[in-house]
Amino acid sequence: MTQADFDFIQSLAYEKTGIVLPERKKHMVYSRLSRRLRHLNFGNFSQYCSHIQNTPDEMINFVNALTTNLTAFFREEHHFQYLESKVIPEWKKNKNRRLRVWSSACSTGEEPYSIAMILEQHFSGIEWDLKVLATDLDTNVLSKASIGSYASDSVTNLPGRYADRYACQTDNGQKIQMRSSIQKMIHFKQLNLLGEWPMKGPFDVIFCRNVLIYFDNETKKKIIARFRKLLSPQGYLFIGHSETLTHISEDFDLIGQTIYRPIGHGDNKLQQTKRSVANL
């Protein structure tokens, strides 16, 4: 892979996905795309770069190869604890029995299934309109997510109370399969966060965790501004443990560990007081 090849890949990845590939990622890019070269019987990256330019359908494979899909059930557990202890009791007081949650980078599905299990546990038997939208850029992981089948040794983070109720063992205990009561709550869809968003909202919660770290600040600002437009005034935004909205957006208040609410949500008197004092 020549420097010119890497420069082309770097530019194309940013243009199509917003993902920033600094020079230190060169080895990772080489490793991940080499599989495509072998599959296509290409001898060098220059051939592959020409192939991408002349074959639009290859773009899906290109994006799938470069995206990272590390995830787990109930990953960053404090978010789900907050959802159960703070958010759901608040929702139950609401006369509007419609809830919409968006998992905006759902990977292989562990995040939206975790959300759906919590919602099902707390709202089962109650007439609520519950929907979880689960999107990702990578079509390969979406295919796996929609099936809802996982190797048993990969679900160690799934608490027993949820596994017993919402999953069943298959293949002589080698896999678990999510039950239909959970699957029917989730709508999986391919979506590029830099592209068109067909959904109208409003969403009560948006999860966008461990995604912003791959974007530059200008791209982060655009995405967060779009989230704000689709988020209910009383909604919540959950981001990844190493991410922040500091210097990215002034439309949100930090109310917990990487948990945000829109400014003006009605429960932010403390934050408003802090801002007033800071501005004196």
Side-chain angles (χ1 to χ4, degrees), residues 1-71 102-112 132-149 186-201 206-227 229-230:
M1 183 169 64
T2 66
Q3 186 61 44
D5 295 332
F6 179 73
D7 291 345
F8 171 80
I9 291 167
Q10 188 181 48
S11 175
L12 185 64
Y14 182 77
E15 176 190 344
K16 298 298 183 182
T17 71
I19 294 174
V20 176
L21 295 173
E23 193 72 22
R24 67 178 185 276
K25 297 284 187 180
K26 193 172 183 178
H27 179 73
M28 182 208 75
V29 170
Y30 178 90
S31 176
R32 293 188 177 183
L33 289 180
S34 288
R35 300 167 195 165
R36 288 301 301 160
L37 268 70
R38 289 193 294 271
H39 178 78
L40 296 166
N41 293 318
F42 290 154
N44 57 61
F45 274 81
S46 294
Q47 288 178 295
Y48 183 67
C49 291
S50 296
H51 177 68
I52 298 174
Q53 291 175 293
N54 298 320
T55 314
D57 289 347
E58 179 60 23
M59 185 56 61
I60 293 176
N61 297 314
F62 173 78
V63 169
N64 289 351
L66 291 179
T67 49
T68 301
N69 299 297
L70 177 64
T71 187
W102 179 17
S103 170
S104 64
C106 71
S107 187
T108 46
E110 287 90 337
E111 180 177 276
V132 178
L133 173 64
T135 64
D136 202 278
L137 183 63
D138 188 333
T139 56
N140 289 334
V141 296
L142 280 173
S143 178
K144 178 177 174 60
S146 63
I147 295 170
S149 178
I186 306 171
H187 176 63
F188 291 100
K189 183 178 180 61
Q190 197 273 342
L191 183 78
N192 186 341
L193 290 176
L194 267 63
E196 295 295 323
W197 296 1
M199 56 279 195
K200 304 297 183 183
I206 296 176
F207 282 75
C208 183
R209 306 190 304 168
N210 306 304
V211 178
L212 297 177
I213 54 175
Y214 297 105
F215 301 137
D216 60 19
N217 281 350
E218 287 307 309
T219 303
K220 290 176 186 177
K221 290 176 182 178
K222 291 176 183 177
I223 291 173
I224 295 300
R226 295 177 77 183
F227 281 156
K229 290 179 180 179
L230 285 185

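- Once rounded to the nearest 0.5 Å, the distance linking CD1 of I147 with OG1 of T108 reads 11.5 Å.
- Side-chain atoms of W102 and L230, non-hydrogen and from C-beta on, do get closer than 4.5 Å to each other.
- In I60, the CD1 atom is not crowded: 12 or fewer heavy atoms of neighbouring residues, nucleotides or ligands sit closer than 6.0 Å.
- A donor-acceptor pair is defined here as one N or O able to donate and one able to accept, closer than 3.5 Å; no such pair exists between the side chain of S143 and the backbone of N140.
- For the 3.5 Å distance criterion, the side chains of D5 and Y48 fail to qualify, holding no donor opposite an acceptor.
- By the neighbour-count criterion of 12 heavy atoms within 6.0 Å, atom NZ of K16 is sparsely surrounded, having that number or fewer from other residues, nucleotides or ligands.
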Practice problem: Determine, stepwise, if the pair L194 / I223 fulfils side chain to side chain contact (heavy atoms under 4.5 Å, CB included). | Solution: CA-CA 7 Å; L194 267 63; I223 291 173; 4.1 Å; yes
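- Scanning all heavy atoms of the two residues, the minimum distance from F215 to V211 falls at CE1-CG1, 3.7 Å.
- Across every non-hydrogen atom of S107 and D136, the tightest pair is N-OD2, 2.9 Å.
- Inter-residue side-chain proximity for M1 and I9 is flagged as met; some heavy-atom pair is nearer than 4.5 Å.
- Taking the six-membered ring for Trp, F45 and Y30 have ring centres closer than 6.0 Å.
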Quiz item: Going through the distances and angles, do L12 and M59 end up as a side chain to side chain contact (heavy atoms under 4.5 Å, CB included)?
Solution: CA-CA 10 Å; L12 185 64; M59 185 56 61; 3.7 Å; yes
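- For the atom pair N41 CG and Q47 CD, the distance stands at 10.0 Å (nearest 0.5 Å).
- The minimum heavy-atom distance linking P198 with K189 is given by the pair CG-CE, 3.7 Å.
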Practice problem: Test side chain to side chain donor-acceptor pair (under 3.5 Å) on T139 and N64 and set out the steps. | Solution: CA-CA 7 Å; T139 56; N64 289 351; 2.9 Å; yes
Practice problem: Could you give me the CA-CA distance, side-chain angles and deciding distance for Q190 and L137, then say whether side chain to side chain contact (heavy atoms under 4.5 Å, CB included) is met? | Solution: CA-CA 6 Å; Q190 197 273 342; L137 183 63; 3.9 Å; yes
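- Between F188 and C106, the closest heavy-atom pair is CD2-SG, 4.1 Å.
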Quiz item: Under the side chain to side chain contact (heavy atoms under 4.5 Å, CB included) criterion, do T219 and Y14 qualify, and how do the steps go?
Solution: CA-CA 10 Å; T219 303; Y14 182 77; 3.5 Å; yes
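- Rounded to the nearest 0.5 angstrom, L133 CG and M199 CE are separated by 5.5 Å.
- Checking K26 against Q3 by side-chain atom types alone, a donor-acceptor pair falls below 3.5 Å.
- Atom CE of M28 and atom CG of L33 lie 8.0 Å apart (nearest 0.5 Å).
- Rounded to the nearest 0.5 Å, atoms CH2 (W197) and CG (N192) are 10.0 Å apart.
- A donor-acceptor pair is defined here as one N or O able to donate and one able to accept, closer than 3.5 Å; no such pair exists between the side chain of E58 and the backbone of I52.
- Between L21 and F6, the shortest heavy-atom distance links the atoms O-CZ, 3.7 Å.
- The closest donor-acceptor contact from the side chain of R226 to the backbone of L193 lies under 3.5 Å.
- The line from CZ of F62 to OG1 of T17 is 7.5 Å long, rounded to the nearest 0.5 Å.
- Across all their heavy atoms, F8 and C49 have their closest contact at CD2-SG, 3.4 Å.
- Only one option out of V63, T67, L66 pairs with I19 in a side-chain contact (heavy atoms from CB on, under 4.5 Å); it is T67.
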